[in-house]
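Numbered from 1 within each chain, the chains take letters A, B, ... in sequence-line order.
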Amino acid sequence: MQIRLYTTMDRDVREFHPIDPNDVRIYSCGPTVYDVAHIGNMRSFLSMDLLQRVLRTVGGYKVRWVMNITDIDDKTIDGSRVGSARWLPAMGTQTGDVRENLRAFTTYYEDVFRQDITTLGIQPSDFYAMPRATDFIAPMMDLIKDIVAAGFGYVSDGSVYFNVNAYRKHYTYGRLFTIDVEHFREGVRIDADEYDRESVSDFVLWKGRKEGEPSWDLEIDGVPLPGRPGWHIECSAMSKELLGLPFDIHTGGVDLRFPHHEDEIAQCCAGYHVQEQANYWMHNEFLEIEGKKMSKSLGNFFTLRDLLDREYDPLDIRFAMIGSHYRALFNFTIDGLAASVKARERVQDYIYDLADVMAASVITEHRPSVHSLRTSVFAELADDLHTPKALAALFSFMNDHKAVTLSASDAEIVLGVLQELNNVFAVWSFGPRPAVVVPDDVTTLAEQRWAARAEKNWAESDRLRDAINALGWSMMDGKTSYTLEKL
RNA sequence: GGUCCCGUGGUAGAGUGGCUAUACAGAGCUCUGCAAAAGCUCGUACAUCGGUUCAAAUCCGGUCGGGACCUCCA
């Protein structure tokens with residue numbers, strides 16, 4: 001099915017046409033591993049997962065998905081510093097080698113990150129690579145040298161900067177974001193470090209070494225420049241190394257449009273001499289909590305682990321987040337999560353019911369409309385990953401095609417589509433209905449109640465039901481048998 | 001200061017000129033000893049003011065309110 005995607009480059013939805021249909025290349029800006037990622041980060045990664053799953057399942061493409069791990073920046077350096085309060089015993093013992101310390105610190109949080117996204121149903125096997133920035137220092141150095149050699153970079157006080165004004169004479173700077181370079185607002189936070197730039201619009205490619213910080217030995221025109229990479233350079237270099245330029249889709253949070261992605265493009269154009277780094281640029285909106293921006297000061301700052309501690313099923317969190325459109329602000333609320341639990345469960349029950357119907361349906365009439373499910377739901381996913389509409393289509397179908405009204409073969413058809421759909425949503429189970437393990441005391445009470453009912457002893461029957469409820473179970477009477485369900 | 005986005009039913013959230021979104025919650029009915037589950041049915045929403053139009057939640061303008069970004073926050 002033809003996929004349509006919104007690209008920030010055009011501020012519009014466009015048909016997606018890959019450079020090579022057998023190798024759709026996606027680069028996603030991943031986490032900076034300085035701490036446990038919060039659920040806002042998680043939404044971002046789930047949006048990217050949704051994209052690649054839709055491309056595979058609905059588009060029928062083969063996908064090469066790269067997500068970087070940023071393991072060198074101010075925060076990771078600070079956290080790994082000798083004597084850092086953020087150093088945990090699980091990270092091992094600090095050594096005199098600051099680069100080793102950095103690696104131990106970031107490896108710890110990288111592992112946490114991998115566990116978290118796996119918990120949320122993102123499959124590690126779907127990644128082609130998750131490169132760490134510090135493993136690609138050499139290509140970054142080469143790119144920086146090429147940018148300087150091309151006349152778009154300069155050395156100043158031990159650091160290397162990108163010359164935006166020189167770049168703007170040959171290229172457009174501000175393709176993803178309308179930038180008024182001439183009038184950067186006074187008073188907004190400017191790079192905290194006191195580096196010497198020629199112009200406030202310039203950005204750093206390579207930061208000169210500071211005492212006690214990890215560094216690598218760059219040399220330009222015979223001048224040694226020990227230091228470490230700037231923020232933007234890693235994505236330019238790694239995307240080129242692992243995917244080649246241009247590739248198909250670049251993704252990240254809305255906040256990365258500028259400056260990060262804009263600068264990535266500038267670096268690629270200036271140093272690799274390409275016209276485009278990527279053909280489509282997709283940015284997911286932020287998440288807020290109970291209608292407020294998530295922040296530590298408001299006390300509404302959650303990690304995935306915080307929610308799991310409250311005994312929420314990670315698949316419900318996945319379903320809630322994936323069920324909203326990635327380009328709309330997502331209001332994460334506890335009530336909303338509870339609604340998601342119910343909605344997901346309803347589909348799950350439908351799936352179990354279909355399996356039952358397949359085994360024992362007495363209906364023989366074929367309903368041609370069962371074939372509409374795949375078309376209607378997939379069409380919505382193909383339209384810029386419109387999961388809210390896809391789910392609406394699914395529920396509408398379920399309302400019109402109750403499991404008990406289907407023939408065995410129709411149930412099989414529907415079940416097949418749902419299974420395929422689950423390649424995108426990945427929140428439902430297609431195995432047998434899980435057996436309910438009922439504690440003995442509950443079973444005993446249930447048997448007693450069933451006997452009381454047979455004798456039409458309603459008072460005793462109601463008393464026993466209350467007793468069962470008190471143990472956290474609910475008893476439902478059928479015609480010939482009863483079922484027990486945990487409350 | 002600049003650039004841009006958004007205000008829809010109890011809640012979340014689609015819809016960009018005329019046709020039931022959908023989900024959760026809620027109400028009624030059927031079924032049931034009573035329930036539960038299930039099935040059926042239901043709500044008549046679109047910040048506000050004005051304009052365009054046969055027709056506006058949808059287009060245009062004003063007002064009010066909220067939000068994002070503007071050099072390392074996904």
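Between E288(A) atom CD and rC5(B) atom P there is a gap of 18 Å when expressed in whole angstrom units. Rounded to whole angstrom, the span from the CG atom of N284(A) across to the P atom of rA74(B) amounts to 11 Å. We find that CG of N331(A) is positioned 17 Å from P of rG66(B), with the value rounded to whole Å. For the pair F203(A) CZ and rC72(B) P, the interatomic distance rounds to 13 Å; values are reported in whole Å. When the C1' atom of rC40(B) is taken as reference, atom CG of D400(A) falls 13 Å away, rounded to whole Å. What separates CG of L329(A) from C1' of rG7(B) is a distance of 12 Å, to the nearest Å. Taking atom CG of residue D466(A) and atom C1' of nucleotide rC34(B), one finds them 12 Å apart after rounding to whole Å. To the nearest angstrom, P of rC73(B) lies 17 Å from CD of E285(A).
Distance alone, capped at 3.5 Å, places no donor-acceptor pair between the S407(A) side chain and the I363(A) backbone.
When Watson-Crick and G-U wobble pairs are counted only if both distances are under 3.5 Å, rU30(B) pairs with rA38(B). Base-pair partner of rA12(B): rU22(B) (Watson-Crick or G-U wobble, both distances under 3.5 Å). Base pairing analysis places rU52(B) opposite nothing; no Watson-Crick or G-U wobble pair with both distances below 3.5 Å involves it. For rU3(B), the paired base is rA68(B) (Watson-Crick or G-U wobble, both distances below 3.5 Å). The partner of rU44(B), taking Watson-Crick or G-U wobble pairs whose two distances both stay under 3.5 Å, does not exist in any strand shown.
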*Quick one, give me the B/S/- string for nucleotides 25-33 of chain B, reading 5' to 3', where B means a protein heavy atom under 4.0 Å from the base and S means that only happens at the primed atoms, P, OP1 or OP2.*
S-------B

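Looking only at side-chain heavy atoms (C-beta outward), W281(A) and I265(A) come within less than 4.5 Å of each other. In this structure, V424(A) and T387(A) have side chains that are not in contact, with every pair of non-hydrogen atoms separated by 4.5 Å or more. Side chains of M140(A) and W216(A) form no contact here, defined as non-hydrogen atoms less than 4.5 Å apart. In this structure, D116(A) and V36(A) have side chains that are in contact, with non-hydrogen atoms separated by less than 4.5 Å. Looking at F162(A) and I233(A), their side chains never come closer than 4.5 Å, going by heavy atoms from C-beta outward.
Taking atom C1' in both rG10(B) and rG18(B), one finds a spacing of 29 Å when rounded to whole Å. With both ends at atom P, the span from rA12(B) to rU3(B) equals 32 Å, rounded to whole Å. rG7(B) and rU16(B) are spaced 15 Å apart, taking the C1' atom of each and rounding to whole Å. Between rA25(B) and rA37(B), the two P atoms lie 10 Å apart (nearest whole Å). Taking the P atoms as reference points, rG13(B) lies 29 Å from rU71(B), given to the whole Å. rG9(B) and rA14(B) have their C1' atoms separated by 13 Å, given to the nearest Å. With C1' as the reference atom, rU22(B) and rA45(B) are 15 Å apart, rounded to whole Å. When the P atom is used for both rC5(B) and rG15(B), the distance is 16 Å, rounded to whole Å.
A salt bridge links D353(A) and R433(A); the closest N-O separation between the charged side-chain nitrogens and carboxylate oxygens is under 4.0 Å. Of the charged side-chain nitrogens involved, at least one lies within less than 4.0 Å of a carboxylate oxygen, so that D462(A) and R465(A) count as a salt-bridged pair.
H325(A) comes within 4.0 angstrom of the backbone, heavy atoms only, and of no base. Using a 4.0 Å heavy-atom cutoff across all strands shown, M42(A) reaches no nucleic acid atom at all. L287(A) comes within 4.0 angstrom of a base, heavy atoms only. A392(A) comes within 4.0 angstrom of a base, heavy atoms only. Using a 4.0 Å heavy-atom distance criterion, D255(A) is classed as a base contact. Across all strands shown, A338(A) has no heavy atoms under 4.0 Å from either base or sugar-phosphate atoms. Within the 4.0 angstrom heavy-atom criterion, no nucleotide atom of any strand lies near D335(A).
Among the nucleotides rA35(B), rA74(B), rU71(B), the one closest to any side-chain atom of N41(A) is rA74(B). Comparing rC72(B), rU71(B), rA74(B) by their nearest atom to the side chain of W231(A) picks out rC72(B). The side chain of A328(A) approaches rA14(B) more closely than any other nucleotide in the set rA14(B), rU22(B), rU71(B). When each of rA12(B), rC24(B), rA23(B) is scored by its nearest atom to the side-chain atoms of A339(A), the top-ranked nucleotide is rC24(B).
Proximity of R346(A) to the phosphate of rC24(B): a side-chain N or O atom is located under 4.0 Å from OP1 or OP2. OP1 or OP2 of rG39(B) has not a single side-chain nitrogen or oxygen of N399(A) nearer than 4.0 Å. The shortest distance between the side-chain N/O atoms of K75(A) and the OP1/OP2 oxygens of rC73(B) is below 4.0 Å.
The side-chain tip of R14(A) points at the ring of Y280(A) from less than 6.0 angstrom away and within 45° of straight on. Cation-pi geometry between R327(A) and Y6(A) is met: under 6.0 angstrom from the ring centre, within 45 degrees of the axis.
Using modelled atom types and a 3.5 Å distance limit, the side chains of Q115(A) and R305(A) yield a donor-acceptor pair.
Remark on RNA chain B: of its neighbouring residues A343(A) and R43(A), the 5'-side contact belongs to A343(A), judged by nearest-heavy-atom nucleotide. Of the two residues near RNA chain B, R257(A) and G336(A), the one whose nearest nucleotide lies more 5' is G336(A).
Ring centroid separation for the pair Y109(A) and F105(A) comes in under the 6.0 Å cut-off. For F302(A) and F332(A), the ring centers sit 6.0 Å or farther from each other.
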Short heteroatom pairs, N/O only, protein and nucleotides 15-20 of chain B, under 3.5 Å:
unit_1: rG15(B); atom_1: OP1; unit_2: H386(A); atom_2: NE2; d: 3.2

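Aromatic stacking of F286(A) on rA74(B): satisfied, with centres closer than 5.5 Å and planes within an angle under 30 degrees.
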